Number of protein chains: 2
Amino acid sequence: MPSVTVENYLKHILLLAEDADGLIPMGALSAALSVVPGTATTMVKALAADGLVVHIPRQGVRLTAAGRRVALGVLRRHRLVETFLVHVLKMDWGAVNVEAEQLEHAISDTVLDRLDALLGHPATDPHGDPIPSREGKIRSQVYATLATCVLDRPLRVVRVTEQSAEFLQFAERHGLRPGAVVTVTDRNLAAGLLSLRRRGARPLALSLSAAGRILVEPAR
Amino acid sequence: MPSVTVENYLKHILLLAEDADGLIPMGALSAALSVVPGTATTMVKALAADGLVVHIPRQGVRLTAAGRRVALGVLRRHRLVETFLVHVLKMDWGAVNVEAEQLEHAISDTVLDRLDALLGHPATDPHGDPIPSREGKIRSQVYATLATCVLDRPLRVVRVTEQSAEFLQFAERHGLRPGAVVTVTDRNLAAGLLSLRRRGARPLALSLSAAGRILVEPAR
DNA sequence: CACGCTATTTTGAATAGTCAAAATAAATTG
DNA sequence: CAATTTATTTTGACTATTCAAAATAGCGTG
Ligand SMILES: [Mn+2]
Ligand SMILES: [Mn+2]
Ligand SMILES: [Mn+2]
Ligand SMILES: [Mn+2]
């Protein structure tokens with residue numbers, strides 16, 4: 001019943017709330033959706049009238065329980081579709097986000113359930129992003145990133161929180177996908193750089209901002 | 001680039017042209033799309049302005065070459081998606097039309113090519129409907145139907161030209177899907193009824209209008 | 001050939017979503 | 001704290017799609 005536009009607004013509010021919790025400023029939302037700020041304001045007021053978000057003028061938006069439910073549904077479809085595209089259709093993990101951006105609005109519950117079963121009820125998508133359950137539960141664990149973790153300890157990559165095809169291409173080429181084990185050997189705050197080592201691969205330098213998008217946990 | 005609405009209009013014009021060739025009357029089009037006639041007129045004038053159809057007022061519409069190209073693309077997506085849903089996700093062949101009605105607008109060329117390869121480049125969908133090629137060729141063979149075929153000869157079902165879930169459910173239950181071999185033992189024009197026989201199944205009575213939706217060719 | 005039925009088109013109005021540009025509030029800064 | 005910068009909201013306008021209802025054209029029938 002909610003339109004494609006509404007689904008996109010709600011999903012992006014949910015995603016933005018994942019990092020900066022509290023209220024999402026309209027500027028951030030309009031940027032995420034590639035619309036001018038006035039459009040976001042108008043739209044958010046309509047969503048608020050429908051009880052999907054709470055809008056505090058000049059401060060920002062936040063999802064209501066109803067809005068969150070819808071958003072989690074969209075996110076589940078998005079991430080299951082990405083998983084399907086990578087694992088079944090063997091598509092590049094950098095290419096699947098744009099595809100899923102459309103498909104997430106066109107998949108019925110029936111199809112989604114079949115897809116979920118076919119994929120073996122995965123807990124995360126190919127980027128390590130957690131897949132909300134059918135009931136709307138989502139794992140929200142806080143991980144260290146390569147920018148914040150301890151040095152000289154083996155770490156397992158659990159998630160790459162970045163959608164851009166270029167970055168994902170780059171990460172893949174250097175083996176930085178979920179499951180990979182790496183060690184940060186050196187970090188230079190001033191230069192905004194760090195050095196990585198990975199078994200059987202040459203050392204790699206990474207910017208701190210890129211490193212912040214790679215979530216890790218202690219390996220074993 | 002064409003909107004979902006435009007894609008639906010063009011696809012339905014193509015589908016309607018398959019039976020009654022020549023110009024499609026606005027009434028038939030508006031009924032197929034479930035809009036009031038005035039809406040179809042307005043929309044068709046817009047399509048004509050974009051060079052996708054030719055509109056002859058008070059007579060009807062027909063696709064231009066450009067419009068036909070778009071429509072065949074939509075139809076290819078629709079039928080490949082149906083094939084996927086039945087053969088990979090094991091969905092009921094009566095349920096897939098509604099699903100494909102949405103998905104046909106959300107699948108990119110890249111995804112479609114992968115899907116096509118995964119399915120082994122099928123020539124027809126689960127209902128026997130021909131799948132347009134990537135280049136926009138479509139097989140348009142004229143078949144006999146159970147309403148028009150010879151009596152007492154074994155016939156192979158090649159296609160069931162009906163979208164309604166109920167009819168497809170019924171057909172499936174009686175083994176009337178592409179590949180099945182049947183014989184028409186008797187036909188009563190006056191009563192609008194005919195009798196079928198199928199190996200290993202009890203004789204079946206069918207209305208002429210239903211029979212007209214089942215296309216057949218001589219078996220062997 | 002006039003009459004009436006039917007299909008189609010026109011007209012006027014509504015909804016959803018968007019942008020450009022002006023107005024305003026809030027935050028920052030000297 | 002007044003002045004300026006920045007973020008947000010408002011206003012007015014536009015596009016795409018739709019419906020309801022009135023107008024019209026094209027029949028076929030008598
Ligand atoms: Mn989307
Ligand atoms: Mn992802
Ligand atoms: Mn459709
Ligand atoms: Mn079909």
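So that the names make sense, note that chain A is the first sequence line, chain B the second, and so on, each numbered from 1. The model shown is predicted, which means the values in this text are computed figures rather than measured ones.
The local environment of CZ in A:R134 is sparse, with at most 12 non-hydrogen atoms from other residues, nucleotides or ligands closer than 6.0 Å. No more than 12 heavy atoms of other residues, nucleotides or ligands sit less than 6.0 Å from atom CZ of B:R177. In the displayed structure, B:D109 atom CG is contacted under 6.0 Å by at most 12 heavy atoms of other residues, nucleotides or ligands.
Within the 4.0 angstrom heavy-atom criterion, base atoms lie near B:T39. Backbone-only contact: B:S3 has heavy atoms under 4.0 Å from sugar-phosphate atoms and none from a base. At a threshold of 4.0 angstrom between heavy atoms, the contacts of A:G38 include nucleobase atoms, whether or not backbone atoms are also involved.
For the segment residues 41-73 of chain B, the set of residues with a heavy atom within less than 4.0 Å of an atom of DNA chain D comprises B:T42, B:M43, B:R58, in numerical order.
With hydrogens and angles ignored, the 3.5 Å screen pairs a side-chain donor or acceptor of B:W93 with a backbone N or O of B:L168. In this structure, the side chain of A:S34 does not engage the main chain of A:S30 through any donor-acceptor pair within 3.5 Å.
Rounded to whole Å, the distance from CE on A:M1 to C1' on C:dA16 is 16 Å. Spacing between atom CG of A:L23 and atom C1' of D:dA7 amounts to 15 Å, rounded to whole angstrom units. For the pair B:L29 CG and C:dA7 P, the computed distance is 15 Å after rounding to whole Å. Following rounding to the nearest Å, A:M26 (CE) and C:dT18 (P) show an atom-to-atom distance of 13 Å.
When the ring-ring contact (aromatic ring centres under 6.0 Å, His included) test is applied to A:H55, no partner is found at least two apart in sequence or on another chain.
OP1 or OP2 of D:dT18 has at least one side-chain nitrogen or oxygen of B:Y9 nearer than 4.0 Å.
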